[in-house]
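What follows is a single structure, written as structure tokens, with notes after it.
Both ligands and their constituent atoms are indexed starting at 1 by order of listing. One is the number of the first residue; the rest follow in order along the sequence.
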Amino acid sequence: MTISFVFTPPATAGLPVVGTTEQFPVRRIYCVGRNYAAHAREMGFDPDREPPFFFCKPGDDASVVPVAAGTTAEMPYPTITANYHHEIELVVAIGKGGRDITAEDAPAHIFGYAVGLDMTRRDLQMRMREQGRPWEIGKAFDHSAPIGPISMIAETGEITSGAITLDVDGKRAQSSDLTHLIWSVNETIANLSTLFALQPGDLIMTGTPEGVGAVVAGQTMVGSIAGLTPISVKVI
Ligand code: MN
């Protein structure tokens with residue numbers, strides 16, 4: 001029997017897949033907090049290797065801003081905040097679900113990789129942090145997840161090193177290397193899959209390096225990771 005909904009279900013967010021005409025359908029977006037030591041320090045924390053911690057962004061088409069190759073996507077400056085921050089991150093796309101995945105088996109669950117931004121209303125996040133409240137209003141707002149095309153792991157191989165950078169209006173703001181991840185991609189998948197059953201379509205934003213900072217309307221951010229399609233996003 002065909003299911004009849006009381007209104008049209010929301011559209012699924014899709015990301016381009018490099019080398020194909022098909023889209024990757026997004027389910028959830030899991031984000032890792034403080035996964036580069038120098039960024040943990042700039043946020044006021046000791047970067048000792050505590051277990052990874054996670055928060056989520058919606059995976060819907062209001063949250064995800066797909067950025068096609070060779071284009072500049074536009075997204076509005078969000079409401080309420082006066083301190084809107086960029087966080088450049090390696091995004092891992094899950095192609096095969098599972099729970100209790102080992103780090104050794106993790107690559108078999110990866111569909112591919114992309115460049116993304118964990119956009120943050122830093123003032124709201126900090127206010128919630130100080131009050132011991134959830135981070136959603138700082139992290140999970142509309143247009144908070146601009147993400148570029150996904151390169152398939154079959155083409156790239158495992159990505160464990162390489163430069164990760166973010167320029168704002170042509171000026172370098174963030175610069176590091178994926179080797180500085182405290183928890184590697186495979187270790188992150190292993191840990192996350194003990195907490196949630198991963199499903200095809202899930203994305204993992206793996207954390208940002210140091211150099212986070214504010215952007216305002218009119219500024220353009222260009223994010224790059226070695227071997228992946230760069231993204232360009234303008235705040236309007
Ligand atoms: Mn982040």
Problem set entry | Residues, nucleotides or ligands: over 12 heavy atoms within 6.0 Å of Arg99 CZ | no
For this session: For residues Lys139 and Arg122, determine if any side-chain heavy atom of one lies less than 4.5 Å from a side-chain heavy atom of the other.
Result: yes
For this session: For atom CD1 of Ile80, decide whether the heavy atoms of other residues, nucleotides or ligands shown that lie under 6.0 angstrom number more than 12.
Result: no
Problem set entry | the Mn ion (ligand 1) - name of the N/O/S atom of Asp118 that sits closest to it | OD2
Exercise. How is the N/O/S atom of Glu89 that comes nearest to the Mn ion (ligand 1) named?
Worked result: OE2
Exercise. What's the atom name of the N, O or S in Glu87 nearest to the Mn ion (ligand 1)?
Worked result: OE1
For this session: Using a strict cut-off of less than 4.0 Å between a Lys/Arg side-chain nitrogen and an Asp/Glu carboxylate oxygen, indicate whether Arg27 and Asp202 qualify as a salt bridge.
Result: yes
